[in-house]
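Down below is the structure, laid out as structure tokens.
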2 protein chains.
Amino acid sequence: MSSTTKALTLLSHFSTKRPEIGLSQLCRLAGRDKATTYRHLQALETAGFVEQNPATKHYRLGPAIMHLAQVREATVPRETGAINVIKELADATGETAHVTVLSGSTLYGLSACESPHHATRAVIDISIFPLHATASGLCALAFGPEDLFQSALTKMENFTSATPATPEALADLVAHIRLTGFGQADQIYEDEIQAIAAPVFDHTGNFAGAVAVASVASRFTSELEKTIKAELTIAAREITRNWGGVIPAQIEKAWAASITHSNTLEPTS
Amino acid sequence: MSSTTKALTLLSHFSTKRPEIGLSQLCRLAGRDKATTYRHLQALETAGFVEQNPATKHYRLGPAIMHLAQVREATVPRETGAINVIKELADATGETAHVTVLSGSTLYGLSACESPHHATRAVIDISIFPLHATASGLCALAFGPEDLFQSALTKMENFTSATPATPEALADLVAHIRLTGFGQADQIYEDEIQAIAAPVFDHTGNFAGAVAVASVASRFTSELEKTIKAELTIAAREITRNWGGVIPAQIEKAWAASITHSNTLEPTS
DNA sequence: TGTATCGGTTCGTATATTGAACCGTTGTTG
DNA sequence: CAACAACGGTTCAATATACGAACCGATACA
């Protein structure tokens, strides 16, 4: 581990919950010597990555970060921060993967990637995802802004016999998704298509969109579902990271519970 | 210079104009050995501060920056990023300093600091700054969004005999400010008060507010004006830095020209 | 007054950083 | 197509630099 890496890991101890940290406290958190930590902080300070609160002498994140964030945002727009992830997701699951972004009360498709693994596969040819009838849309309802539900109720088009048709049915679906952390759409938008989605968060800390895998219902086994869910969590974490967000703890918890519950075939290691 | 500092300075070579940089190119820019630069980049990459474009192998700023920016924004709201600067500004000039922020088409006072240097001094007791009649407001018109001018025209209250009363008079003032980089208010809001303001920019790259010094007209000499302008540029750069922005090049140029022109007493060193 | 903790400093030791030279690959060019 | 140049990445001896135990002065508390 290079000294630079060690210095940079100091930054990871700052959070909105612990925005300012004193030297000694940071030593304890990082498990390193005081002199070392001090020198690292000095290096970070000269680069503008941390600064000292003049009053308390405690350290906090510095202004240089805001400047770099501006460049990063211009450099890597959302799409490029997601495209490689969904490629890997499609590859790992052998199914079609896609990402959506929420803008206002509309959920747009950002990009999709089909896997050549099967001759029959889901094709994502929609650009606006119905909130009430897609895995990604249900994710948005479950983890996005609350007023989204009202908006969804005004556009409850009936796509298949399984499409939720009443506010109560939709609320039930959403409630279930809040428990599992995954949006699921079992042929509620298109017959023969079964999709699972996971929410993605951006730098504002809010729901930003969803990453999803769409499979063909006839080959959708619980084994595949398990794989998809595992890969989805990886992809959701990765995209969230690329977009500067964090996965809320309760969603991580829901994922963990949801995956172990369905995991009845494997030993608990 | 520590190796960490050297590694971190690599980041400063990234900009919106040059968002991706190859290894060799970065060596040239940084004037350092290729092996060294490579290792530094690796350290930065493990920390998520840079990442590689898989296609070109070029490096670009990484996702960790967005996450830290979120924490920084929560940690240091605008006021704390400006307050110490205007304290120093008040101290250096011996006059009252203040900062304003633009929100929508309204310019709010953020905080002010009086200098105890003189018995008579300007007191900033307004919370909404008229765009057409204050140094900060004129700055906003000159360097802020264009539609601000229309908005200003609808509220052209007449405060003193010098307050611009016609759209043409206001446009003339604004045009002059664009040339000098400083908003000036010679008793156009309050008799006996002469103020100079400089624009401040935030992480979006746009005009975010102004930093200003208000003096008493009777003691306002060209010598004091020179001092204030010099200190204002320092303060504007500092607050801009704290807010994650950069001073546009043409404003820096305007400042330089504006200060050297008025500087007829000192040798050009 | 004594003690504990804070941020910061010193200095000899040894470890991690350095850069010239090298490698394999890619793309260009006469 | 062979020669060449430029690329990203790797090696290894030399040494510059990072390390941490011990120390300092200030502050707070009892």
Side-chain angles (χ1 to χ4, degrees), chain A residues 1-15 17-64 72 75-76 80 84 87-88, chain B residues 1-15 17-64 71-72 75-76 80 84 87:
Chain A
M1 195 186 218
S2 73
S3 78
T4 301
T5 306
K6 279 181 268 185
L8 289 176
T9 51
L10 289 180
L11 296 175
S12 66
H13 294 101
F14 293 90
S15 65
K17 235 205 113 188
R18 203 199 294 113
E20 299 203 347
I21 309 180
L23 175 58
S24 300
Q25 192 184 356
L26 192 50
C27 290
R28 271 177 260 120
L29 288 169
R32 267 196 284 280
D33 184 82
K34 192 166 53 167
T36 303
T37 305
Y38 179 66
R39 273 190 303 272
H40 286 166
L41 282 170
Q42 290 227 315
L44 292 171
E45 190 170 20
T46 62
F49 279 73
V50 301
E51 65 183 9
Q52 262 186 306
N53 184 331
T56 63
K57 297 270 186 182
H58 285 195
Y59 294 86
R60 62 182 177 218
L61 296 179
R72 162 77 183 181
T75 306
V76 185
T80 63
N84 285 316
K87 271 183 192 155
E88 276 171 30
Chain B
M1 194 187 220
S2 73
S3 77
T4 301
T5 306
K6 279 181 267 184
L8 289 176
T9 52
L10 289 179
L11 295 174
S12 66
H13 294 101
F14 292 91
S15 65
K17 235 205 114 190
R18 204 199 292 113
E20 299 203 347
I21 309 179
L23 174 58
S24 300
Q25 192 184 356
L26 192 50
C27 291
R28 269 176 262 123
L29 287 169
R32 266 196 285 280
D33 185 82
K34 192 164 52 163
T36 303
T37 306
Y38 179 66
R39 272 189 305 272
H40 286 166
L41 282 169
Q42 290 227 315
L44 292 171
E45 190 170 20
T46 63
F49 279 74
V50 301
E51 65 183 8
Q52 263 187 303
N53 183 331
T56 63
K57 298 270 185 180
H58 285 195
Y59 294 86
R60 62 182 176 219
L61 296 179
V71 177
R72 161 77 184 181
T75 305
V76 185
T80 63
N84 285 317
K87 272 184 192 152

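Every heavy atom of this structure was used, including side-chain atoms; hydrogens, water molecules and symmetry mates were not. Just so it is clear: chains get the letters A, B, ... in the order the sequence lines come, proteins before strands, and each one is counted from 1.
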TODO: Compare side-chain N and O positions of B:S3 against OP1 and OP2 of C:dA16 and report whether any pair is under 4.0 Å apart.
DONE: no
- [ ] Please report, rounded to the nearest Å, how far the C1' atom of C:dA4 is from the CD atom of A:Q25.
- [x] 17 Å
Task: Between P of C:dC6 and CG of A:L29, the distance in whole Å - done: 12 Å
Open item on the list: Nearest whole Å is fine: how far is C:dG7 P from A:Q42 CD?
Closed with: 13 Å
Task: N/O (side chain, B:T36) to phosphate O (OP1/OP2, C:dG19) under 4.0 Å - done: yes
- [ ] Check whether any side-chain nitrogen or oxygen of B:R28 sits under 4.0 Å from OP1 or OP2 of D:dC7, and answer yes or no.
- [x] yes
- [ ] Just compare D:dA18, D:dG20, C:dG8 and give me whichever is closest to any side-chain atom of A:A35.
- [x] D:dG20
Open item on the list: Whether A:H40 contacts D:dC19 is assessed here as follows: a side-chain N or O lying under 4.0 Å from the phosphate OP1 or OP2. Is that the case?
Closed with: yes
- [ ] Return yes if the base of C:dG7 and the side-chain atoms of A:K34 contain a donor-acceptor N/O pair under 3.5 Å, otherwise no.
- [x] yes
Task: Output field: ring centroids B:F49/B:F14 closer than 6.0 Å - done: no
TODO: Could you check how far CG of A:D33 sits from P of C:dT9, rounded to whole Å?
DONE: 14 Å
TODO: For B:Q52, answer base if it contacts any base atom (sugar-phosphate contacts may also be present), sugar-phosphate if it contacts only those atoms, and nothing otherwise; contact means non-hydrogen atoms under 4.0 Å.
DONE: sugar-phosphate
- [ ] Starting at atom CD of A:E45, determine the distance to atom P of C:dG7, rounded to an integer number of angstrom.
- [x] 13 Å
Task: d(CG, A:N53; P, C:dG7) in whole Å - done: 12 Å
Task: Most 5' of B:T56 and A:K6 on DNA chain D, judged by nearest nucleotide - done: B:T56
Open item on the list: Taking only side-chain N and O atoms of A:S24, does any of them lie within less than 4.0 angstrom of OP1 or OP2 on C:dT5?
Closed with: no
Open item on the list: Can you see whether A:S2 engages A:T5 through a side-chain donor-acceptor pair at a distance of less than 3.5 angstrom?
Closed with: yes
Task: Side-chain H-bond candidate by donor/acceptor type, A:R28 with A:T37, under 3.5 Å - done: no
Open item on the list: Tell me whether the side-chain N/O atoms of A:Y38 come closer than 4.0 Å to OP1 or OP2 in C:dT9.
Closed with: yes
- [ ] Provide the closest heavy-atom pair for B:E51 versus B:E45 in the form atom of the first, atom of the second, distance.
- [x] CA-OE2, 4.2 Å
Open item on the list: Rounding to an integer number of Å, can you tell me how far B:R39 CZ sits from C:dG19 C1'?
Closed with: 8 Å
TODO: May I have the distance from A:L10 (atom CG) to D:dC19 (atom C1'), rounded to whole angstrom?
DONE: 14 Å
TODO: Look at B:Y59 and D:dG9 and indicate whether a side-chain polar atom (N or O) is within less than 4.0 Å of OP1 or OP2.
DONE: yes
Task: Main-chain N/O of A:H13 paired with A:R18 side-chain donor or acceptor, under 3.5 Å - done: yes
